[in-house]
Amino acid sequence: MRARHLTPAVLLLPFALLLAACGGSSRAEGGAGAGSGTDGKGSLTLNVGDQKGGSEALLRAAGELDDLPYKIKWSTFTSGPPLLEAINAGAVDVGAVGNTPPVFAAAAQSKIKVIAGSHSRSDGETILVKKDSPLKRPAQLKGKSIAVAQGSSAHYQLIASLKKAGLTPKDVTLNYLQPADALAAFTRGKVAAWAVWDPYTSQALDQADARVLTTGQGVVNGLSFQVAAPAALDDKKKSAALKDYTDRLRRAQDWVFKHPDAWAEAWAKETGLPDKVALDAVKRTRGTAVAVAVDKAAVASEQRIVDTFAALKLIPRSYDFGKFVDPRFNGDLPPSGTAPRTYGKGH
């Protein structure tokens with residue numbers, strides 16, 4: 001899968017496998033698939049929702065599943081929204097999502113609590129155009145058609161990028177498409193641009209004759225979250241396991257930054273991504289994450305997303321995002337605005 005010029009059909013498999021790792025639509029795109037089994041030992045079981053190539057793969061590659069004093073039962077979901085629905089239903093205790101699915105879940109009064117955060121570079125949050133496109137800057141998107149997954153992190157990035165360019169969503173034609181369908185439309189020239197996130201950004205740049213029109217740097221908050229069920233937090237033993245689990249994820253992310261090649265290889269094997277694309281995505285965004293506190297600044301940043309989607313009537317009304325945050329695990333974590341890591345120039 002190293003060939004640079006693959007047909008859309010060939011590209012669809014890994015794109016579909018990685019649906020909405022950082023985003024997700026505003027509604028469920030499918031529920032849980034077969035879980036990957038159970039790790040650990042002990043009488044306590046933590047039910048963890050995951051996505052393909054997500055927390056389980058990360059923790060396993062970093063060796064953080066080797067000495068679990070409790071059990072983790074894994075369930076795999078296609079994207080953030082159905083994972084959050086499972087948390088709301090009490091079927092899952094915790095799971096990782098991007099910065100936007102919790103906005104929609106909380107708008108629906110779901111029983112969720114954001115308990116941990118990470119801050120990554122936003123170079124992978126992009127608006128892509130074809131290499132031969134005449135478009136050179138975002139302001140030129142006026143009147144053009146743009147593919148984007150509704151309610152995803154890319155959706156907010158697109159709206160914010162348009163605003164920065166003096167445009168509104170009414171100035172463009174939005175085609176609400178999940179990544180696999182968006183790729184097909186982009187490849188066939190059915191849309192002028194595509195707002196998306198890594199690893200789709202890295203794969204499109206490598207294999208779909210794409211180039212970056214603009215990125216989310218300075219436009220989006222670069223945050224992603226661990227979201228838990230209030231009932232799990234209210235259980236003393238499960239709460240302690242959740243603290244340990246988030247600590248393991250933090251250590252695993254530290255390992256990733258120091259071992260990008262090893263993680264890219266494991267991630268590629270897990271997802272079907274080409275090795276080069278996986279490494280590009282790791283160095284562009286996925287390896288740059290730093291664990292941060294879910295503090296007042298993070299809440300304020302998420303509140304801006306809430307207010308933006310409420311103003312566009314994509315959620316029924318605005319609300320206080322802070323009511324869906326539990327900061328008990330912040331500890332001595334750095335502020336949410338702490339700069340992400342970087343692999344240097346070009347990444």
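Since this is a predicted model, take the numbers as computed values, not measurements. Count residues from 1 along the sequence.
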Exercise for the section: Return yes if some donor-acceptor pair links the side-chain N/O of T271 with the main-chain N/O of W267 below 3.5 Å, else return no. Expected result: yes

Handout entry: S318 versus D307, side-chain donor and acceptor atoms under 3.5 Å
Key = yes

Problem - Contact check, side chains of D295 and P327, non-hydrogen atoms, under 4.5 Å - result: no

Exercise for the section: Please name the pair of heavy atoms, one in G117 and one in F225, separated by the smallest distance, quoted to 0.1 Å. Expected result: CA-CD2, 4.0 Å

Handout entry: Sole residue of T246, N330, V227, V294 in side chain to side chain contact (heavy atoms under 4.5 Å, CB included) with I115
Key = T246

Exercise for the section: Take atom CD of E265 as the centre, draw a 6.0 Å sphere, and report whether it contains more than 12 heavy atoms from other residues, nucleotides or ligands. Expected result: no

Handout entry: Nearest heavy atoms of A195 and L158, plus distance in Å
Key = CB-CB, 4.0 Å

Handout entry: salt bridge (charged side-chain N to carboxylate O under 4.0 Å, His left out): pairs with one or both residues in residues 220-242, sequence neighbours excluded
Key = D93-K238

Problem - Same apolar cluster: Y200 and L177, side chain cutoff 4.5 Å - result: no

Exercise for the section: Return yes if some donor-acceptor pair links the side-chain N/O of T285 with the main-chain N/O of A281 below 3.5 Å, else return no. Expected result: yes

Handout entry: Any donor-acceptor N/O pair, H119 side chain to N221 backbone, under 3.5 Å
Key = yes

Practice task
Mind jotting down which residue pairs meet the salt bridge (charged side-chain N to carboxylate O under 4.0 Å, His left out) criterion with at least one end in residues 145-173? Sequence neighbours excluded, please.
Solution key: none

Problem - F257: ring pair (Phe, Tyr, Trp, His ring centres under 6.0 Å) partners, not counting sequence neighbours - result: Y343

Exercise for the section: Hey, could you give me each pair passing salt bridge (charged side-chain N to carboxylate O under 4.0 Å, His left out) that has a residue in residues 323-341? Not counting sequence neighbours. Expected result: D254-R341, D326-R328

Practice task
Indicate if L314 and V219 have the same hydrophobic cluster label, given that clusters are the connected sets of ILVMFWY residues with side-chain heavy-atom separations under 4.5 angstrom.
Solution key: yes

Handout entry: Linked, directly or transitively: V220 and V299 (ILVMFWY side chains, under 4.5 Å)
Key = yes

Exercise for the section: Please confirm whether the backbone N or O of S202 pairs with a side-chain atom of D198, one donor and one acceptor, at under 3.5 Å? Expected result: yes

Handout entry: K130 side chain to A208 backbone, donor-acceptor under 3.5 Å
Key = yes

Problem - Polar contact flag, side-chain donor to acceptor under 3.5 angstrom, N99-S153 - result: no

Problem - Any side-chain donor near an acceptor of the partner, W263 and H259, under 3.5 Å - result: no

Fill in the blank from the handout: When every non-hydrogen atom of N47 is compared with those of A91, the smallest separation belongs to CB-O, 3.9 Å

Completion exercise
Rounded to the nearest 0.5 angstrom, the CD-CD1 distance for E85 and I112 is 11.0 Å

Fill in the blank from the handout: Those residues at least two apart in sequence (or on a different chain) that pass ring pair (Phe, Tyr, Trp, His ring centres under 6.0 Å) with F324 are Y319

Problem - Check against side-chain contact (heavy atoms from CB on, under 4.5 Å), T288 and S120 - result: CA-CA 5 Å; T288 69; S120 306; 3.7 Å; yes

Problem - N88 side chain vs K111 backbone, donor-acceptor pair below 3.5 Å - result: yes

Problem - Closest non-hydrogen atom pair between A57 and E270, with its separation - result: CB-CG, 4.1 Å

Completion exercise
Nearest heavy-atom approach of R250 to A291 is CG-CB, 3.6 Å

Exercise for the section: Any chance you could measure E56, atom CD, to I72, atom CD1, to the nearest 0.5 Å? Expected result: 8.5 Å

Exercise for the section: Please check if any side-chain donor atom of S161 sits under 3.5 Å from a side-chain acceptor atom of T214, or the reverse. Expected result: no

Practice task
Flag the pair V292 / L223 as yes when at least one side-chain heavy-atom distance between them is below 4.5 Å, and no otherwise.
Solution key: yes

Practice task
Output, in order, the C-alpha distance, side-chain angles, deciding distance and verdict of salt bridge (Lys or Arg N to Asp or Glu O under 4.0 Å) for D247 and R251.
Solution key: CA-CA 6 Å; D247 285 346; R251 292 195 299 266; 5.2 Å; no

Practice task
Find out whether L128 and V212 are in side-chain contact, i.e. whether some heavy atom of one side chain is under 4.5 Å from a heavy atom of the other.
Solution key: yes

Handout entry: Same cluster (ILVMFWY, side-chain, under 4.5 Å), L46 and L249
Key = yes

Handout entry: Contact check, side chains of Q226 and F329, non-hydrogen atoms, under 4.5 Å
Key = no

Handout entry: Aromatic ring proximity Y245/Y70, centre distance under 6.0 Å
Key = no

Fill in the blank from the handout: When rounded to the nearest 0.5 Å, the distance separating OG1 of T126 from CH2 of W197 is 10.5 Å

Problem - Pair R284, T201: side-chain N/O donor-acceptor within cut-off below 3.5 Å - result: no

Problem - Side chain to side chain, S145 and V191, heavy atoms closer than 4.5 Å - result: yes

Handout entry: Point-to-point distance, once rounded to the nearest 0.5 Å, from CG of L174 to NE2 of H155
Key = 5.5 Å

Problem - Co-membership, hydrophobic cluster, residues V97 and F321, 4.5 Å side-chain - result: yes

Exercise for the section: Take F186 and V196, measure what side-chain contact (heavy atoms from CB on, under 4.5 Å) needs, and give me the verdict at the end. Expected result: CA-CA 11 Å; F186 181 78; V196 73; over 6 Å; no

Practice task
Would you indicate whether the side-chain heavy atoms of R211 and S133 approach each other to under 4.5 Å?
Solution key: yes

Practice task
Look up atom CG in L162 and atom CG in L141, then write down how far apart they are to the nearest 0.5 Å.
Solution key: 6.5 Å

Exercise for the section: Determine which pairs satisfy salt bridge (charged side-chain N to carboxylate O under 4.0 Å, His left out) with at least one residue from residues 132-151, sequence neighbours left out, and list them in order. Expected result: none

Exercise for the section: Quick one: closest heavy-atom pair of K113 and P230, and the distance? Expected result: CG-CG, 4.0 Å

Practice task
Measure from the side-chain N and O atoms of R248 to the backbone N and O of E64, and report whether any donor-acceptor pair falls under 3.5 Å.
Solution key: yes

Exercise for the section: For Q217 and S122, indicate whether the former's side chain and the latter's backbone hold a donor-acceptor pair under 3.5 Å. Expected result: yes

Exercise for the section: Kindly indicate whether the side chain of T308, heavy atoms from C-beta on, has any atom under 4.5 Å from the side chain of Y156. Expected result: yes

Handout entry: Check: R286 main-chain N/O paired with Q253 side-chain donor or acceptor under 3.5 Å
Key = yes

Handout entry: Pairwise side-chain contact, V148 with Y176, heavy-atom cut-off 4.5 Å (strictly under)
Key = yes

Handout entry: Distance (rounded to the nearest 0.5 Å) between L59 CG and D39 CG
Key = 9.0 Å

